[in-house]
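Beneath this line is the structure, given in structure tokens, with notes to follow.
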Amino acid sequence: MDRPTLSTVAVVGLGTMGTGIAEVLARAGREVIGIDTDENAARRAAAALEASTARAVERGRITERERRDALARFRTSGDLRAAAGADLVVEVVPEDYRTKHRVIAELDGIVRPSAVIATGTNALSVTRLAADSAHPERVLGMHFFNPAPAMKLVEVVSSVLTAPEAVAAVTDLAHDLGKEPVAVGDRPGFVADGLLFGYLNQAAAMYEAKYATREDIDAAMRLGCGLPMGPLALLDLIGVDTARTVLEAMYAASRDRLHAPAPILGQLTAAGLTGRKAGRGFYTYEAPGSAAVVPDALTPREDGTTGTPRAVRSVGVVGSGTMACGIAEVFARAGHEVVVAARGAEKAERAVSRIASSLERSVRKGRMTAGDREEALARITPAGELSALSGVDLAVEAVAEDLEVKKDLFAALDGVCRPGAVLATTTSSLPVVACARATSRPQDVVGMHFFNPAPAMKLVEVVRTVLTGDDVHATVRGVCAGIGKHPVDCGDRAGFIVNALLFPYLNNAVKMVQEHYASMDDIDTAMRLGGGYPMGPFELLDVVGLDVSLAIERVLHREFREPGLAPAPLLEHLVAAGCTGRKSGRGFREYARR
């Protein structure tokens with residue numbers, strides 16, 4: 001087929017997504033025919049377009065003349081035959097094979113042979129829908145993201161039957177609409193949802209296992225990964241029933257148990273608790289359709305503790321690396337007396353110099369005064385021996401992520417620190433209880449997983465073992481609040497909250513590239529624009545370090561024994577070749593050496 005010109009577009013299905021797509025097209029100069037058998041839906045779509053364009057005029061984004069022109073280009077109909085003159089038809093009817101098949105079959109007898117038919121599905125097989133058409137070469141996927149006027153990503157989905165000319169025409173149209181099209185093949189979830197829904201499913205399973213509260217899971221992923229919304233709140237926004245449908249399709253294709261919908265998704269769906277639209281899902285809302293969360297029986301207590309906290313005035317930080325220096329800076333700025341203990345006085349002095357440089361940068365950026373800087377520095381004492389920690393109230397280790405090293409250190413701290421001192425590990429993946437068992441006071445040992453850079457990142461995962469005392473848990477939560485951090489509670493298992501949800505997602509992105517499903521650039525673009533991630537997965541892997549990422553993925557696979565958690569061979573090969581990311585100059589991408 002020749003490359004068609006897409007001047008007139010019919011949008012079939014005027015729900016939220018169809019209405020948004022129609023608005024984008026009309027404002028971009030296309031003649032748009034909105035088609036829906038429900039007259040009320042058509043009226044709502046016209047009213048929504050009038051309201052949204054009026055807001056755009058008020059905000060100076062378009063002129064009144066442009067608004068009138070856009071409205072003039074949009075008309076509605078209740079009859080599918082109104083699409084007869086369209087160059088492109090975008091169907092966004094309910095996510096059901098029979099419904100979509102019926103619409104496409106009817107369109108075959110209505111539109112011109114040269115017209116392109118795009119399905120807006122995010123879960124169903126484009127190939128299957130195309131194969132049932134009289135002209136499968138013109139059927140493809142055009143997956144917009146909600147809200148369509150705001151979201152930049154469009155996934156252009158080809159089947160083995162799709163003509164390249166149809167793909168090129170739709171891709172050009174997406175560019176004309178001001179969108180970022182990414183080319184993907186036909187598999188459930190495509191790129192963005194394929195990665196996103198696996199992560200959402202894991203979060204639902206984590207909550208169902210009562211590993212952490214819904215509030216802590218969501219806060220951990222917002223504050224630890226910079227996401228605009230936590231996974232359980234996002235499931236409520238998407239619709240629990242919709243998420244379950246997508247996951248069912250993904251599991252049917254992959255047979256990966258990580259895609260098998262968590263039972264709680266089915267339970268909530270069966271109960272009609274489908275999220276915001278129902279007024280209740282994982283959270284309870286003020287009213288159906290409302291975004292305002294209201295307290296319910298599952299809302300946790302304000303303080304989240306049952307023990308009586310111990311007083312913490314002085315803090316010891318063991319280590320001299322980036323994390324140790326950051327943690328020491330946080331405590332000193334919050335008013336604590338801090339001892340930085342390193343292997344030798346010279347390393348300890350260098351660590352304090354690094355902290356001084358960081359504080360100076362804060363002064364230059366106006367985040368603190370020179371006087372505050374001097375006071376914070378005066379509270380920090382370097383030490384070349386652990387014995388300097390004998391009087392501290394809290395000792396925080398931030399040494400190498402090696403269990404034997406940490407166990408030896410905790411045994412030494414047990415002999416040095418005073419009775420009643422809290423001993424904390426910053427491990428991100430090792431068992432906290434193993435550190436606790438290396439001491440004679442396992443009830444005083446807890447995990448405090450800070451995130452890098454510690455001065456900037458608000459999250460601390462507070463990790464209780466089965467031996468941690470209630471008073472120690474209460475102490476650490478209180479300390480976190482006092483230093484301006486947000487504590488989230490989790491049990492002592494691999495990955496805690498953030499890494500247990502983040503690294504399987506990163507691993508699945510590597511598998512997509514390994515399987516030649518999509519390019520690294522397209523995957524990074526899809527997750528930034530479609531998933532709201534501050535970095536694409538390959539950008540993030542290179543920043544974190546491929547060797548660090550591989551070590552965490554191995555720990556997760558070893559603990560949970562899920563085949564889908566096995567590290568991607570491509571990641572293994574890159575690490576074996578010394579390509580560990582930005583720090584080595586090469587990871588998934590190459591970097592200029594400093």
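Everything numeric here is computed off the predicted structure, so don't read it as measured data.
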Using a strict 4.0 Å threshold on nitrogen-to-oxygen distance, state whether [X] and [Y] make a salt bridge.
X: Arg589; Y: Asp524; result: yes
X: Arg477; Y: Asp489; result: yes
X: Glu572; Y: Arg554; result: yes
X: Arg187; Y: Glu515; result: yes
X: Arg493; Y: Glu559; result: no
X: Asp542; Y: Lys583; result: no

Measuring only between side-chain heavy atoms, which start at C-beta, is [X] closer than 4.5 Å to [Y]?
X: Thr426; Y: Val399; answer: no
X: Val182; Y: Phe190; answer: no
X: Leu394; Y: Phe331; answer: yes
X: Leu423; Y: Thr439; answer: yes
X: Glu553; Y: His557; answer: no
X: Ser549; Y: Val544; answer: yes
X: Val463; Y: Val446; answer: no
X: Thr171; Y: Val154; answer: no

So, does [X] use its side chain to make a donor-acceptor pair with the main chain of [Y] at under 3.5 Å?
X: Asp186; Y: Ser125; value: no
X: Glu248; Y: Pro261; value: no
X: Asp492; Y: Pro431; value: no
X: Lys179; Y: Ala148; value: yes
X: Asp218; Y: Leu232; value: yes
X: Asp193; Y: Leu196; value: no
X: Glu397; Y: Leu409; value: no
X: Tyr251; Y: Arg257; value: no
X: Asp216; Y: Ala212; value: no
X: Asp547; Y: Val575; value: no

Within this structure, what is the [atom1]-[atom2] distance for the pair [X] and [Y], rounded to the nearest 0.5 Å?
X: Leu459; Y: Arg222; atom1: CG; atom2: CZ; answer: 10.0 Å
X: Thr242; Y: Asn122; atom1: OG1; atom2: CG; answer: 8.0 Å
X: Lys511; Y: Leu571; atom1: NZ; atom2: CG; answer: 11.0 Å
X: Ser254; Y: His259; atom1: OG; atom2: NE2; answer: 5.0 Å
X: Ile380; Y: Glu329; atom1: CD1; atom2: CD; answer: 7.5 Å
X: Ile238; Y: Met229; atom1: CD1; atom2: CE; answer: 9.0 Å

Look at atom [atom1] of [X] and say whether more than 12 heavy atoms of other residues, nucleotides or ligands are closer to it than 6.0 Å.
X: Glu346; atom1: CD; value: no
X: Glu360; atom1: CD; value: yes
X: Arg350; atom1: CZ; value: yes

Give me the atom names and distance for the closest heavy-atom approach of [X] to [Y].
X: Val191; Y: Glu155; result: N-OE2, 3.1 Å
X: Val338; Y: Ala332; result: CG2-N, 3.7 Å
X: Met323; Y: Phe450; result: CE-O, 3.6 Å
X: Ser159; Y: Thr162; result: N-OG1, 2.9 Å
X: Ala324; Y: Val317; result: O-CG1, 3.5 Å
X: Leu200; Y: Leu235; result: O-CD1, 3.8 Å

| Should the pair Tyr505 and Tyr533 be assigned to parallel (<30°), tilted (30 to 60°) or perpendicular (>60°) ring geometry? |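 Tyr505 vs Tyr533 ring planes: parallel.
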
| task | Show the numbers, then the answer: is there a side chain to side chain contact (heavy atoms under 4.5 Å, CB included) between Tyr199 and Met221? | result | CA-CA 11 Å; Tyr199 150 72; Met221 298 314 291; 3.5 Å; yes

| field | Side-chain donor-acceptor pair present, Thr580, Arg586, cut-off under 3.5 Å | value |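 Their side chains do not contain a donor-acceptor pair, so the 3.5 Å distance test is not met.
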
| said: Walk me through whether Val498 and His449 qualify under side chain to side chain contact (heavy atoms under 4.5 Å, CB included). | reply: CA-CA 10 Å; Val498 174; His449 180 211; 5.8 Å; no

| request: Check the pair Arg343 / Ser320 against side-chain hydrogen bond (donor to acceptor under 3.5 Å, both in side chains), numbers first and verdict last. | output: CA-CA 8 Å; Arg343 287 185 297 176; Ser320 57; over 6 Å; no

| task | Check the pair Ile21, Met17 against side chain to side chain contact (heavy atoms under 4.5 Å, CB included), reporting the backbone distance first and the verdict last. | result | CA-CA 6 Å; Ile21 293 170; Met17 180 61 82; 3.8 Å; yes

| task | Please test Thr213 against Ile217 for side chain to side chain contact (heavy atoms under 4.5 Å, CB included), starting from the C-alpha separation and ending with a verdict. | result | CA-CA 6 Å; Thr213 66; Ile217 291 170; over 6 Å; no

